[in-house]
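Okay, so here's the structure we're looking at.
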2 protein chains.
Amino acid sequence: MFKIGDFSKLSLVTVKTLRYYDEIGLLRPIKIDRFTGYRYYSAGQLPRLQYIIALKNLGLSLDEISAMTKNSLSSSQMRDVFIKKKVELQQRIGEEQKRLMQVEKLLERIKMEGKMPDYQIVIKNIEPMNIASVRDTVPEIQDMDGLWETLKAVRTYHASSITGPIMAIYHDMEYREKNVDVEVAVPIHEEITLPDPIKVRNLPGETVASLIHKGPYETMDAAYQALMTWCESNGYELAGPDRHLFLRTHKDVGNPEEYISEMQQPVRKI
Amino acid sequence: MFKIGDFSKLSLVTVKTLRYYDEIGLLRPIKIDRFTGYRYYSAGQLPRLQYIIALKNLGLSLDEISAMTKNSLSSSQMRDVFIKKKVELQQRIGEEQKRLMQVEKLLERIKMEGKMPDYQIVIKNIEPMNIASVRDTVPEIQDMDGLWETLKAVRTYHASSITGPIMAIYHDMEYREKNVDVEVAVPIHEEITLPDPIKVRNLPGETVASLIHKGPYETMDAAYQALMTWCESNGYELAGPDRHLFLRTHKDVGNPEEYISEMQQPVRKI
DNA sequence: TATGGACCCTCCAGTAAATGGAGAGTCAAG
DNA sequence: CTTGACTCTCCATTTACTGGAGGGTCCATA
């Protein structure tokens, strides 16, 4: 019979931890003095403790270990637990490696450009939504304003059905300055019906690379560049028309330097 | 100005999380209504939030992010942070991979043997200690008893100086049945002096693979086998004479099936 | 027998980054 | 005015411990 300190020295497990394992019922002392509360352990408990430590080193949680040691699982159940653990570990390693790669890319860029990049790119999952939209091919980007006019009806008469910020969807697969195939849209509840040429349709959920741009629209090509570069070096490929969300526009603020937009480029992991 | 729910939809960060970020001062709303307590955010805060999320995805803690965004570090300081993060990530990936390998080996063994292995092997770091010991080459292992007799003096007259369980150290580099070079020892405080042939010496700290054996000493070769196999398949090589700790012996219990021993084999990561 | 120091006890607080829920107050459309 | 959606604060919970306060126990020595 060992007092907790001696047992701790034998097992190289701290006294605090032993008391904790007692508390959660993972490893109870063979005896607790009724009067002093002193815990007494026996050498015979060392295999059990060793077992616990071994399982912990494999990455099992104390809960899992409790379950395994208490119900003394069959070996096929054991196998299942470890297979599950294995998958979990593989997944975590994958994530960490992705992270590591991103950090490395970032370091590279800092080294190349001598400063932190101006844009932070983040992967998000966008839920599907319903939109009211008008789509057309316009000679110049500025001509998009006509489409906004068309949509204005929705925005004034159905203001309460609107569920998000207005956006533009660029359907050309490559960048172009003239004859742009653009769809301007506003997210809505499903119910309303609208006159031609406004259409109500469903915009599917997507995984997008998102970037927030502050400033006038003319300076957005750098942002677009950054997004492309990021996708390339982080192993994503483009997977659909990109969306432009207008989060703060001339209607909210006078100075175009204060405009805020979000670019959402659907992507797919290569 | 958005209420917290709208801002949450825009940023895809939960309301709870936004409130938490407010609480820890990471991202405060631009305005809080003095009477209702309602938080109001602006589109202009999205870049900041995006930045926070990007850094979080790289594996930085909110504390680190706070420090980075509050003091707007120079780019060389930024670089240092990321280099540190990179090292940290590499290390964690290494550990997880080691774990994964161990799980895989274990699964293999379960498959081969149709059951959980009988022995759990654990890596420990043993602190250096002082021992009183007698070393000799004995024709048969049983003859070790003579050495125990010699040490008995220590164990009776200096009982209070003893700091741990008795042990045997096998100095032969390979296993042998005859002419065993063995040292029997008992850990002590440094101060005492002892008559010949007992020596007081320092046993260095070691990294050991440890295994706990229950039962008579005759059945320990299976344990030794298991230890060797484990070391081989987990990438460790032997790095010194192994120690045998006697944790429960004939002095504590009658039935040899109840004996408890610990084998400590110093190892080195290959 | 007294005492000093090492050891042990319980209880409480804190860690990181949220999540879940109770109970109450607020907003906006119809 | 009602109703339902939204928001607020405060508290508890998660993991696997760690640290400390305040107080009791053990035991070898004086």
Side-chain angles (χ1 to χ4, degrees), chain A residues 1-29 31-41 49 52-53 55-67 88 92 157-163 188-189 191-192, chain B residues 1-29 31-41 49 52-53 55-67 85 88 92 156-163 188-189 191-192:
Chain A
M1 292 234 298
F2 303 100
K3 281 199 284 190
I4 198 166
D6 295 330
F7 195 64
S8 159
K9 266 168 217 142
L10 279 185
S11 59
L12 298 186
V13 171
T14 67
V15 169
K16 281 277 189 189
T17 302
L18 287 173
R19 283 203 270 255
Y20 179 62
Y21 287 174
D22 176 15
E23 189 189 328
I24 64 170
L26 185 55
L27 183 77
R28 297 219 183 272
K31 184 193 148 193
I32 296 182
D33 188 297
R34 233 202 332 279
F35 304 108
T36 67
Y38 275 33
R39 293 172 179 81
Y40 293 93
Y41 293 85
L49 183 50
I52 289 168
I53 294 166
L55 293 179
K56 203 158 69 76
N57 288 346
L58 295 178
L60 277 77
S61 73
L62 299 190
D63 247 22
E64 292 168 313
I65 297 173
S66 271
E88 219 177 288
R92 241 215 320 287
Y157 300 119
H158 297 277
S160 71
S161 300
I162 293 176
T163 60
I188 50 162
H189 298 305
E191 313 109 27
I192 59 175
Chain B
M1 293 235 296
F2 303 100
K3 282 198 283 189
I4 197 166
D6 296 332
F7 196 64
S8 159
K9 267 170 217 142
L10 279 183
S11 58
L12 300 187
V13 171
T14 67
V15 169
K16 281 275 186 189
T17 301
L18 286 173
R19 282 203 270 255
Y20 178 63
Y21 287 175
D22 176 16
E23 188 189 328
I24 64 169
L26 184 56
L27 184 77
R28 297 218 183 274
K31 185 194 147 192
I32 296 182
D33 188 298
R34 234 203 328 282
F35 304 108
T36 68
Y38 275 35
R39 292 171 179 81
Y40 293 93
Y41 293 86
L49 184 50
I52 289 167
I53 294 166
L55 293 179
K56 204 159 66 76
N57 288 346
L58 296 178
L60 276 77
S61 73
L62 299 188
D63 249 21
E64 291 168 313
I65 296 172
S66 271
K85 249 319 167 242
E88 219 177 288
R92 240 216 320 287
T156 48
Y157 299 119
H158 297 276
S160 73
S161 299
I162 292 176
T163 60
I188 49 162
H189 298 306
E191 312 110 28
I192 59 176

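Worth knowing before you read on, the calculation uses all heavy atoms, side chains too, and leaves out hydrogens, waters and symmetry mates.
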* Structure fact -> B:Leu12 meets the side-chain contact (heavy atoms from CB on, under 4.5 Å) criterion, sequence neighbours left out, with A:Lys124, A:Ile126
* Output all residues satisfying side-chain hydrogen bond (donor to acceptor under 3.5 Å, both in side chains) with A:Glu88, sequence neighbours left out; order by chain, then residue number. => A:Lys85
* Asked: Can you check the B:Ile65 CD1 to C:dA18 C1' distance for me, whole Å?
  -> 14 Å
* To do: Tell me, please, which residues at least two apart from B:Asn57 pass side-chain contact (heavy atoms from CB on, under 4.5 Å).
  => A:Val122, B:Ile53
* **Phosphate contact (C:dT10 OP1 or OP2) by A:Arg39 side-chain N/O below 4.0 Å** => yes
* Structure fact -> Note: contacts of residues 9-24 of chain A with DNA chain D (heavy atom, under 4.0 Å) are A:Thr14, A:Lys16, A:Thr17, A:Tyr20, A:Tyr21
* **Range on DNA chain D touched by chain B, heavy atoms, distance below 4.0 Å** => D:dC6 to D:dT9
* To do: Please give the angle, rounded to 10 degrees, between the axes at the start and the end of the helix from C:dT1-D:dA30 to C:dG30-D:dC1, where five pairs define each axis.
  => 30°
* To the nearest Å, how far apart are A:Arg34 CZ and C:dC8 C1'? -> 18 Å
* Asked: Do any pairs count as a side-chain hydrogen bond (donor to acceptor under 3.5 Å, both in side chains) and have a residue in residues 5-15 of chain B, sequence neighbours left out, and if so which ones?
  -> B:Thr14-B:Thr17
* To do: Write out all pairs satisfying salt bridge (Lys or Arg N to Asp or Glu O under 4.0 Å) with one or both partners inside residues 13-23 of chain B, taking only residues at least two apart or from two chains.
  => B:Asp22-B:Arg28, B:Asp22-B:Arg39
* Asked: If you measure from OH on B:Tyr21 to CD1 on B:Ile52, what distance do you get to the nearest 0.5 Å?
  -> 7.0 Å
Could you run down the sub-3.5 Å N/O contacts of the protein with nucleotides 26-30 of chain C?
residue	atom	partner	partner atom	Å
C:dT26	O4'	B:Tyr38	OH	3.3

* To do: Report the distance from atom CD1 of A:Ile65 to atom CG of A:Leu55, rounding to the nearest 0.5 Å.
  => 5.0 Å
* Asked: What distance separates B:Leu10 CG from B:Tyr41 OH, expressed to the nearest 0.5 Å?
  -> 12.5 Å
* Asked: Do you know the tightest heavy-atom contact between B:Leu49 and B:Leu27?
  -> CD1-CD2, 4.0 Å
* Atom CD1 in B:Ile32, atom OH in B:Tyr40: separation rounded to 0.5 Å? -> 11.0 Å
